[in-house]
Enquirer: 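For reference, the structure I am asking about is given below.
In what follows, chains carry the letters A, B, and so on, assigned in the order in which the sequence lines appear, proteins first and then strands, with residues in each chain numbered from 1.
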There are 2 protein chains.
Amino acid sequence: MEIVERLTQFGLTRHEAVIYLTLLAEGDLNGYEVAKTTGISRSNAYTSLASLVEKGGAYVIEEATIRYTPVAISEFCDNKIRKLQAARQELIDTIPRKRDTVEGYITIKGEGNILNKLRNMILEARERVYISVPGQILETVTPDIKAAVDRGIKMVIITNGAWVLSGTIIHRSDQPLQQIRLIADSTNVLTGDINNGEYSTCLYSRKQNLVDLFKDAMKNEIKLIEMTKGNQ
Amino acid sequence: MEIVERLTQFGLTRHEAVIYLTLLAEGDLNGYEVAKTTGISRSNAYTSLASLVEKGGAYVIEEATIRYTPVAISEFCDNKIRKLQAARQELIDTIPRKRDTVEGYITIKGEGNILNKLRNMILEARERVYISVPGQILETVTPDIKAAVDRGIKMVIITNGAWVLSGTIIHRSDQPLQQIRLIADSTNVLTGDINNGEYSTCLYSRKQNLVDLFKDAMKNEIKLIEMTKGNQ
DNA sequence: TTATAGTGTTCCTACTTAGTAAGTCTACAC
DNA sequence: GTGTAGACTTACTAAGTAGGAACACTATAA
């Protein structure tokens, strides 16, 4: 992802992002210099600088001329994240509590949303997690698995490839894994495909019949892996 | 701040936020019900629902009719914050390093930006911090001061009011504090007013002459407090 | 069989807001 | 003449808001 696009995730417009990067690269500049260097017209440059300052991406140095200095990127991002964390707490405190719903079969679409759900299931697990995913997905969620292990969650993992993490129980499958499967605490299950980008689709459910079905299926999968391993 | 506005901070449009809140309050609904309940026209309701699902604010339940279930607010916010933390790391790794600048006198405007700077100075302090602020500002930054104390930073505080935190050295002033002052590690200083909302203005500098000036001034202020305390 | 309600999708018009793009004018300093 | 700053203007694009029409299908009641 391009740097400008990442900066827009933190609330900057394209112009503001371009100006911010220019300040980082060129050092402190005044408004006239910013306009010249970036090619943004002077009126727009001054407007965007004012907005960048208001958003906390730059500070003003009032000397013979008014110059602008960029805020360090880690500081700028931390400020934004901190603000969202505060908003998060305020939302949790004030938002209407979710009405109890009849749990059914929830469809989760898009690789990003599926990864989020997968990670949240690991995060909220209390006792044990069975997970069957390709190695590259494991790479992505390694920090979450590590954190789960650290708090005493039993992690049983079926995967292909060479991924390893101490404290986990790993069963290696020779066959490519076409689907992901995850069971957390024998109460909720996630399954489906995740290699179709935004078209990936998974099913999430807390239905006990589905959970039981998947538990049996994964136990059998593990038995098969152990049997074929014994023969090698 | 209103709930809808807080939700827009997490990337939802007003319609999406209204629909999300309706799902929380009413439980799982289909698109037709969402349109009826919210007053949003059906075409817009379906469009906004699709976008809300894409943004990870709701999941689809595919039954006799397609219903939508809201994602828990803490989960939704955590997902967004986690994404920004990842973008933060990617920015830090790829953004051009800030060109060394001649440190001058930086003007920081707006209460939010000033609070951010104040907190970042405490966060990055290595040895000691002298801070002189009104009590209500201290309330705001108590977690940051606590964290600094926990990592062994010497916190010397001049304030009014009854604020207290174990591990800090507090000098109470009888007079109202019109300005804030902070010196971190004898290397950087922040001073100015913060009770004017977005019109608040502070000065930040690493200039040694200004730092020395403020050190002397705060030492004298502490001496005066101690002397008047002795007389009481 | 007919009428009505429910459900979902696609396409349309129209207004508002924000961002992008660029310019003019005034004023001052060097 | 160049540099610097600010205020104001015009104009286009994109996204969000607001609402509707049309089509197709299903379910239910009379």
Enquirer: Looking only at side-chain N and O atoms, does A:Y46 come under 4.0 Å of OP1 or OP2 in D:dA5?
Expert: yes

Enquirer: Is there a side-chain polar atom (N or O) of B:Y32 under 4.0 Å from OP1 or OP2 of C:dG8?
Expert: no

Enquirer: Please check the phosphate of C:dT20 (OP1 and OP2 only) for any side-chain N or O of A:T13 closer than 4.0 Å.
Expert: yes

Enquirer: Take B:Q179 and B:T191 through the side chain to side chain contact (heavy atoms under 4.5 Å, CB included) test and state the conclusion after the steps.
Expert: CA-CA 7 Å; B:Q179 279 211 338; B:T191 185; 3.3 Å; yes

Enquirer: Among C:dC25, D:dG20, C:dA21, which nucleotide has an atom closest to any side-chain atom of B:S43?
Expert: D:dG20

Enquirer: When all nucleic acid strands are considered with a 4.0 Å heavy-atom cut-off, which category describes B:T65: base, sugar-phosphate, or nothing?
Expert: sugar-phosphate

Enquirer: Using a cut-off of less than 4.0 Å, is there contact between a side-chain N or O of A:H15 and OP1 or OP2 of C:dG19?
Expert: no

Enquirer: Quick one: B:I19 CD1 to D:dG16 C1', roughly how many Å, whole number?
Expert: 13 Å

Enquirer: What is the distance from CG of A:N44 to P of C:dA18, rounded to the nearest Å?
Expert: 16 Å

Enquirer: Calculate the interatomic distance between A:E63 atom CD and C:dA29 atom P; express it in whole Å.
Expert: 18 Å

Enquirer: Show the nearest heavy-atom pair for residues A:N113 and B:K55, with the distance to one decimal.
Expert: OD1-C, 4.1 Å

Enquirer: Which comes earlier along DNA chain C counting from the 5' end, the contact point of B:K36 or that of B:T47, where each point is its nearest nucleotide?
Expert: B:K36

Enquirer: For a quick test of reading the model, state the closest non-hydrogen atom pair linking B:V189 to B:I183 and the distance between them.
Expert: CG2-CG1, 4.1 Å

Enquirer: Check whether the side chain of A:R42 and the base of D:dT4 form a donor-acceptor pair under 3.5 Å.
Expert: no

Enquirer: Between P on C:dG6 and CZ on B:R67, what's the gap in Å once rounded to a whole number?
Expert: 17 Å

Enquirer: Would you kindly give the CD-to-P distance between A:E33 and D:dA5, to the nearest whole Å?
Expert: 8 Å

Enquirer: Which atom names give the shortest non-hydrogen contact between A:S48 and A:E16, and what distance separates them?
Expert: O-CG, 3.8 Å

Enquirer: Rounded to the nearest Å, what distance is computed from the CD1 atom of residue B:I66 to the C1' atom of nucleotide C:dG6?
Expert: 14 Å

Enquirer: Determine, step by step, whether B:K117 and A:E75 satisfy the side chain to side chain contact (heavy atoms under 4.5 Å, CB included) criterion, reporting the C-alpha distance in whole Å, the side-chain angles of both residues, the deciding distance to 0.1 Å, and the verdict.
Expert: CA-CA 9 Å; B:K117 191 58 180 175; A:E75 187 170 327; 3.4 Å; yes

Enquirer: Scan B:R14 against the nucleic acid and name what it touches under 4.0 Å (heavy atoms): base, sugar-phosphate only, or nothing.
Expert: sugar-phosphate

Enquirer: Rounding to an integer number of Å, can you tell me how far B:L49 CG sits from C:dT7 P?
Expert: 13 Å

Enquirer: Can you see if the side chain of B:N30 gets near the phosphate of C:dT7 - specifically, an N or O under 4.0 Å from OP1 or OP2?
Expert: yes

